[in-house]
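Computed from a predicted structure; not experimentally measured. Just so you know, these numbers use all the heavy atoms, side chains as well, and skip hydrogens, waters and symmetry mates. The sequence lines fix the lettering, A, B, ..., with proteins before strands; numbering per chain opens at 1.
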2 protein chains.
Amino acid sequence: MSTRGERTERTERGERGRRGDTRQRLYRAAVDLIAEQGYTATTVDAIAERAGVAKGTVFYNFGSKEALFAGLLDHGIERLADALAEAARAPSASPVATLDALVLAQLRFVDEYGPFARVLLAEMWRAAWQEAVLRLRTSVLGVYERVLEEAVRAGELREGLDTATAATAVFGMVLTVAIERRALRPDHPLDDVHATLVELIHGRISGR
Amino acid sequence: MSTRGERTERTERGERGRRGDTRQRLYRAAVDLIAEQGYTATTVDAIAERAGVAKGTVFYNFGSKEALFAGLLDHGIERLADALAEAARAPSASPVATLDALVLAQLRFVDEYGPFARVLLAEMWRAAWQEAVLRLRTSVLGVYERVLEEAVRAGELREGLDTATAATAVFGMVLTVAIERRALRPDHPLDDVHATLVELIHGRISGR
DNA sequence: CCTTTTGAACTGACCAGTCGGCACAAAAAG
DNA sequence: CTTTTTGTGCCGACTGGTCAGTTCAAAAGG
């Protein structure tokens, strides 16, 4: 609610130039700290210090701690959605093969942006960030859901499958496993994890 | 840190009597508020007020906000572990059928103790609660893992399956879906959700 | 009586947000 | 070319308020 910030529309999405740099540094510092301590426990002073920036700069760029966090969520969700959309766009043998690629892409995303993934998992269901959750559901879960529907149409998955629930299930499964791996079993090879999850989804898990 | 709290070992697990009542009320109030606002944002004053208890009582019973929260986590994890263990103990046609029962039990638990489930999901990977996480892994995930191993031994699941990863996967999948259902689709019948998840796990999802 | 709870006052630390000012580059004026 | 102005990004001390935890005398309970 400051009169400042977002003053220059010249740089459009604020990605370029000095200011863009500062914002990236603040996102990074904030997500790291919030992943460790939680949103409320993370002070703006600490974020500024880790980013190598004065406290005033945070408010100059974002107006409030909440706005910084909202921007951070949007930014990360956009990256995740892009990563999944790209994986879905790549040519594959079948819709189910595309699903495998989505799982791998999500695993890789968490591997690379672990702190963001933890923040996402922790804050996903907080009422305060409704807007961001909505974006997550349409842009990220939407990718899963579309691929699942395609697989149903192609006859690869059972007709009448509740694709919305299945999409959430796969997303949550991958997120949980990937975060656990990063936290407790970092040398467990990503491909092994991917193989196990894919088995689970395909039903190749069954020995019958 | 405080010299007070945990004074009487007479009531052992502090479940009975006047003091036990107070503790239960405090657990409930705390878990509700923390689910909504997060740990740090929830003040002891607010917890005491919602529990209908004086602030001093919180510190008389738990010694600190942190100890209250640690007790709350332990308490909830124990309940969850009990619920799953009971489901696993019930007679069933096969290990895989037991797995289905576990999923249903977990769904029901989240349905009943939604706020706790949200707190668990949010705080699960925070370094501060290492001890509780360890208990979660041995007592809750352990139930899943044992059933999965049994299914492997019975030849119902593929030999060599990474049961540890699979256990985490199923647990995270169910937790995510159940919380999403509670938050956004409360009238979606629990049994439908259960059916979809069970299909996913069994591989009956495949139409081939 | 001994345990538990109450309620209110107090402290000391901590924190989001503010504000006046600095640095610097590029444009405008001379 | 030199000087002045302007806009932008950044700085960091400061403020007003909040909160965990303490203390304690008195009451309730069993």
Query - All pairs passing salt bridge (charged side-chain N to carboxylate O under 4.0 Å, His left out) where residues 181-197 of chain B contributes a residue, at least two apart - result: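 Sorted pair list: B/Asp111-B/Arg181.
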
Query - Modelled atom types, side-chain donor and acceptor of B/His202 and B/Asp100, under 3.5 Å - result: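 Their side chains do contain a donor-acceptor pair, which is all the 3.5 Å distance test asks for.
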
Provide a list of protein-nucleic acid N or O atom pairs under 3.5 angstrom, restricted to nucleotides 14-17 of chain C.
residue: C/dA16; atom: OP1; partner: A/Lys65; partner atom: NZ; Å: 3.2
residue: C/dA16; atom: OP2; partner: A/Val44; partner atom: N; Å: 3.0
residue: C/dA16; atom: N7; partner: A/Lys55; partner atom: NZ; Å: 2.7
residue: C/dG17; atom: OP2; partner: A/Lys65; partner atom: N; Å: 3.0
residue: C/dG17; atom: N7; partner: A/Lys55; partner atom: NZ; Å: 3.3
residue: C/dG17; atom: O6; partner: A/Lys55; partner atom: NZ; Å: 2.9

**Report entry** Partners passing side-chain hydrogen bond (donor to acceptor under 3.5 Å, both in side chains) against B/Lys65 (at least two apart in sequence or in another chain)
**Finding:**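 Scan of B/Lys65 (side-chain hydrogen bond (donor to acceptor under 3.5 Å, both in side chains), adjacent residues dropped) gives none.
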
Query raised in the report: Under the side-chain hydrogen bond (donor to acceptor under 3.5 Å, both in side chains) test, which residues partner A/Thr176, sequence neighbours left out?
Result: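 Expected list: none.
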
Query raised in the report: Using the C1' atoms of five pairs at each end, what's the angle between the two axes of the helix from C/dC1-D/dG30 to C/dG30-D/dC1, to 10 degrees?
Result: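 The end-segment axes of the helix from C/dC1-D/dG30 to C/dG30-D/dC1 are tilted 20° relative to each other.
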
Query raised in the report: D/dC10 phosphate, OP1 or OP2: any side-chain N/O from A/Asn61 under 4.0 angstrom?
Result: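 Answer is yes, contact under 4.0 Å.
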
Query raised in the report: With respect to the phosphate group of C/dT4, does any side-chain polar atom (N or O) of B/Thr57 fall under 4.0 Å of OP1 or OP2?
Result: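 B/Thr57 to C/dT4 OP1/OP2: no side-chain N or O under 4.0 Å.
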
Which pairs would a plain distance check flag for residues 80-87 of chain B, meaning a side-chain donor or acceptor within less than 3.5 Å of a matching protein atom at least two apart in sequence or in another chain?
none

Spacing of [X] atom [atom1] relative to [N] atom [atom2], expressed in whole Å:
{"X": "A/Glu49", "N": "D/dC11", "atom1": "CD", "atom2": "P", "answer": "13 Å"}
{"X": "A/Tyr60", "N": "C/dC22", "atom1": "OH", "atom2": "P", "answer": "17 Å"}
{"X": "A/Phe62", "N": "D/dC10", "atom1": "CZ", "atom2": "P", "answer": "10 Å"}

Query - Pairs where residues 140-151 of chain A contributes a residue and the test side chain to side chain donor-acceptor pair (under 3.5 Å) is met, not counting sequence neighbours - result: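 Output for this query lists A/Gln106-A/Tyr144.
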
Show me the donor-acceptor pairs, under 3.5 Å and distance only, between side chains in residues 121-128 of chain A and residues at least two apart or in other chains.
residue: A/Glu123; atom: OE1; partner: A/Arg126; partner atom: NH2; Å: 3.2
residue: A/Glu123; atom: OE1; partner: A/Trp129; partner atom: NE1; Å: 3.4

Query - Results of side chain to side chain contact (heavy atoms under 4.5 Å, CB included) for B/Glu49 - residues two or more places apart only - result: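 B/Glu49 satisfies side chain to side chain contact (heavy atoms under 4.5 Å, CB included) with no other residue.
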
